[in-house]
Undergrad: 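Here's a structure for you.
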Amino acid sequence: MRNVRPLAAALLLGTLLLVAPPAGPAPAHAADDGISEVAATTYRLVPDEGLVRITIDLRVTNRKADRTESYQCPGGAPATCSRTVRYYVNRARLAIEEDARAVRATVDGRRASVQLDAPTNGYRVARVSLPSTFYGQTRRVRLTYHIRGEAPRSQGWTRAGRAYASFCVVANGPDGGSVRVILPAAYEVSTTGADLERVAAGDAVEYRSGNLADPYAFWACLEGVNPDGYQRTPVTAAGRTVDLASWPEDPEWRATVEGTVERAMPALEQLTGFTFAEGPGRLELREVAQQQLGDYAGWYGSEGIRLSEFLDPATITHELSHTWFNDTLFAETWLAEGHAGYAEAASGIAPAYACSDPGPAPGGAEARLGDWQYLSPRSTDQDRAVVEFDYAASCWVITRVADAIGPDRLRAVLDGAKRGVRLYPEADSPSAGRIDWRRWLDLADVLGFEPAGESADLAADLLLEFGVATDSVELERRSATRARYLEIREAAGDWSLPPAVDREMAAWDFGAATAALDSAAAVLVAVDVARRKAGDLQLSEQAVGALFEAARNAGQLDSAADLARQQGDVAAEVQAARADVAEERDLETEVGLLGAPEPGELVTEAVESLAAGDIDAASQLSVRAHEALVAAASRGRDRLTAAIVAGVVATALLVLGLLGVLLATRRRRRRRQGPAREEGGTVLPVSDADQRGPV
């Protein structure tokens, strides 16, 4: 990831190799003056010596023919004299870089004097003395010099190192020229400016301009990186070994980065809760020229970390934090850069760069962190101001949230992001993968603000203020729905909220989530009513809970509510049956229950069935107990009525029997007093015994 802040003081460097170098001064004579000058210029990189060697081979030919001219003879005579005018060249002029050193010249292989003019616009004129060169004569001039590569962190941009080289080339020759650039083949070269043909040449590679019609309009710049030329130093920090790839000519960079890595990694681990040793593969921190990074001071990518030659511990720490804060964790750049900026400041490695309120966006524009911009060679000052603001604003957002929830909860938020924690456990959508700002807000809310007893509205307001979120209504609905969610979750107790709720919350469909929460609340209300109806009875809620926790839509939640209502109704039935059984029984009921099942036993079975969740059995047993009491009362009445009737009949029969005895007695007495009975026509006498009176 890129970091722009440390470059605020280094922008004067500009962007190397993308701006044409100033043109060298051209000789003053015209191309048709009869003097032909054609130059072949060769630039050769010599990294072992840290310099670029330049050779200019100039061919000077005098094509200005002699001529005869007339003139007034001296002495005042009227005669006209004639003379031959011969043209010759005795000096060649070449444009060379102002930092050229060891300038030497030869003419036709012999040492020649050379004078250097004062520098002008980055170049100077080298004046080579020639023997008088007359018509038809040619001189071969060779000018040699070198340009030494500048030291790391120099303001100039010429480098000639064993790992990195950069320099620009120009042409000479007012009447024609060519340029050839020779570099070791190990360098990976990029060019800007004029097109150059690449030609392999054994252990070297050449870049050729071809014949130039206008040499003084030509320029090109080359930048080469030799991967094998770096000095590699393994450094172990926080249980992981990283590779420092530095320019061999820059021990200061190597020492500074090594020390910063050793201090920064433990600090970052403490701050983030992440483990550096868990990172994939070997991490390389490579030194690069500032111009390779343009307006940035560091870069983290798939190939490792690129750090500017301009040393800055804050930038080193920032880029190291991208070991975790990169696009494999975050889907949005502002999140990665904001966390990296926060880590850079909060780690304590470079406290001077603590994040602060960036103020309004530059130019009166709206902040748009969600539309992250990158700088390019064509970026304007306004573009740079916007990017600097974005870095500062993203760091400020993360800093404010971190301060609100505290370091421990920030680590919990980061851990949740890394592990893909399901904030809504029953949601269908996967929770792993890169997180966007919505997922980040949920993580900060659930794992940070909620445990801290704070409102996540702070984070939501920051997202709106800095242009990450653009729909304030959506965030207001989220806040209200989230509050409702927490209310229902607390009311649900040990029950998990169902997929019908969690799925919509995770998807930020707050209309559907609200409807699902209302349905869930209806279930909980029905359960509460059932509990009140059950009173001291044990009520099994397992079936309702299972339906509630598994519900994927409002219809299934309605089914759970219906079951809870049924449980309440049955509990009321059992309570009523238990009350009926507990009432004092009258004679009729007691008589009716003789020899019948005891209703209290049915109620006991109903209570047990209710506790077991078998509401059908509980309802049936309650009904049977009630019906048994009603039937017993009816049966008792019938028994008592039958008993009364039987008593009356028995009494009547007894009375009738007694009457019969009395009548019989009376008849006997009458017989004793009357004539003898006749039987079969015979009169029987009355015995003495029948006439005996009382003694």
Side-chain angles (χ1 to χ4, degrees), residues 1-7 152 159 161-166 186-190 223-269 272 274-330 333 336-337 339-341 343-344 347 349-350 374-375 418 434:
M1 296 299 167
R2 302 182 178 187
N3 180 14
V4 71
R5 178 202 44 72
L7 270 185
R159 300 286 191 273
R162 293 191 289 274
Y164 175 77
S166 63
Y187 284 78
E188 300 168 354
V189 178
S190 60
E223 184 176 50
V225 176
N226 178 9
D228 296 330
Y230 278 90
Q231 179 174 340
R232 300 189 177 276
T233 306
V235 177
T236 300
R240 182 179 177 186
T241 300
V242 300
D243 292 324
L244 303 188
S246 62
W247 297 340
E249 307 83 11
D250 194 0
E252 181 183 354
W253 187 95
R254 183 169 58 255
T256 301
V257 174
E258 180 177 359
T260 303
V261 170
E262 291 174 342
R263 290 185 299 117
M265 289 318 305
L268 289 173
E269 283 191 339
T272 64
F274 293 160
T275 301
F276 186 49
E278 295 177 352
R282 291 286 285 261
L283 178 66
E284 181 189 74
L285 283 70
R286 177 181 291 188
E287 180 177 10
V288 297
Q290 181 56 62
Q291 54 262 27
Q292 291 179 273
L293 296 171
D295 288 312
Y296 294 93
W299 181 268
Y300 175 93
S302 59
E303 296 180 352
I305 294 175
R306 302 294 180 260
L307 294 170
S308 165
E309 61 189 296
F310 287 91
L311 293 166
D312 178 47
T315 298
I316 298 169
T317 305
H318 181 108
E319 300 306 330
L320 284 171
S321 74
H322 279 308
T323 303
W324 307 295
F325 303 141
N326 53 57
D327 57 8
T328 63
L329 181 64
F330 297 114
T333 303
E337 293 299 342
H339 282 87
E344 170 189 345
S347 65
I349 302 301
Y374 290 102
L375 294 174
K418 183 180 179 182
R434 303 187 309 158

Undergrad: Would you say Tyr164 and Glu223 are linked by a side-chain donor-acceptor pair, where the criterion is simply a distance under 3.5 Å?
TA: yes

Undergrad: Glu249 and Gly161: which non-hydrogen atoms are nearest, and at how many Å?
TA: OE2-CA, 3.5 Å

Undergrad: For residues Pro227 and Ala186, report the shortest heavy-atom separation together with the two atoms involved.
TA: CD-O, 3.9 Å

Undergrad: What is the minimum heavy-atom distance between Ala238 and Pro266, and which atoms define it?
TA: CB-N, 4.3 Å

Undergrad: Given side chains that start at C-beta, do those of Trp324 and Phe276 come closer than 4.5 Å, heavy atoms only?
TA: yes

Undergrad: Within the side chain of Asp250, is there an N or O that forms a donor-acceptor pair under 3.5 Å with the backbone of Trp247?
TA: no

Undergrad: Less than 4.5 Å apart, side chain to side chain, heavy atoms only: is that true for Asn226 and Glu188?
TA: no

Undergrad: Among pairs that include at least one residue of residues 226-248, which meet salt bridge (charged side-chain N to carboxylate O under 4.0 Å, His left out), considering only residues two or more places apart or in two chains?
TA: Arg232-Glu284, Asp243-Arg282

Undergrad: If you take all heavy atoms of Gln291 and Ser166, which pair is closest and at what distance?
TA: NE2-OG, 3.3 Å

Undergrad: So, taking the atom named CD in Glu344 and the one named CG in Leu320, what distance separates them when rounded to the nearest 0.5 Å?
TA: 11.0 Å

Undergrad: Are any non-hydrogen side-chain atoms of Val288 and Leu307 less than 4.5 angstrom apart?
TA: no

Undergrad: Checking Tyr296 side chain against Leu375 main chain: does a donor-acceptor pair fall under 3.5 Å?
TA: yes

Undergrad: Identify the heavy atoms of Ile305 and Glu319 that sit nearest to each other, and give their distance.
TA: CD1-O, 3.4 Å

Undergrad: Contact between Phe310 and Thr315 at the side-chain level, heavy atoms closer than 4.5 Å - yes or no?
TA: no

Undergrad: List the steps and the verdict of side-chain hydrogen bond (donor to acceptor under 3.5 Å, both in side chains) for Gln290 and Ser308.
TA: CA-CA 5 Å; Gln290 181 56 62; Ser308 165; 2.7 Å; yes

Undergrad: So Arg263 and Thr317, do their side chains get closer than 4.5 Å, heavy atoms only?
TA: no

Undergrad: So do Thr333 and Tyr374 actually touch side chain to side chain, heavy atoms under 4.5 Å?
TA: yes

Undergrad: Checking Arg286 against Tyr230: charged group under 6.0 Å from the ring centre and within 45 degrees of the axis?
TA: yes

Undergrad: Could you grab the distance from atom CG of Asn326 to atom CZ of Arg434, nearest 0.5 Å is fine?
TA: 10.0 Å

Undergrad: Donor-acceptor check, side chain of Glu258 to backbone of Ala255, threshold 3.5 angstrom: yes or no?
TA: no

Undergrad: Is it true that a side-chain atom of Glu287 and a backbone atom of Arg254 form a donor plus acceptor pair closer than 3.5 Å?
TA: no

Undergrad: Examine distances only and state if a side-chain atom of Ser321 and a backbone atom of His318 form a donor-acceptor pair shorter than 3.5 Å.
TA: yes

Undergrad: Is there a donor-acceptor contact under 3.5 Å linking the side chains of Thr241 and Thr236?
TA: yes

Undergrad: Please tell me if the side chains of Val225 and Tyr187 come closer than 4.5 Å, counting only heavy atoms from C-beta onward.
TA: no

Undergrad: Nearest 0.5 Å, please: how far is CG in Leu268 from CD1 in Ile349?
TA: 7.0 Å

Undergrad: Measure the OG1-CG distance between Thr233 and Leu285 for me, rounded to the nearest 0.5 Å.
TA: 11.5 Å

Undergrad: For Glu309, which residues count as a salt bridge (Lys or Arg N to Asp or Glu O under 4.0 Å) partner, sequence neighbours excluded?
TA: Arg159

Undergrad: Quick one: CE on Met265 to OG1 on Thr275, what's the gap to the nearest 0.5 Å?
TA: 9.5 Å

Undergrad: What's the spacing between Phe325 CZ and His339 NE2 if we round to 0.5 Å?
TA: 5.5 Å

Undergrad: Would you say that Glu252 contacts Pro152 through its side chain, given a criterion of any heavy-atom pair below 4.5 Å between the two side chains?
TA: no

Undergrad: Under 3.5 Å, side chain of Asp327 to main-chain N/O of Phe330, donor-acceptor pair present?
TA: no

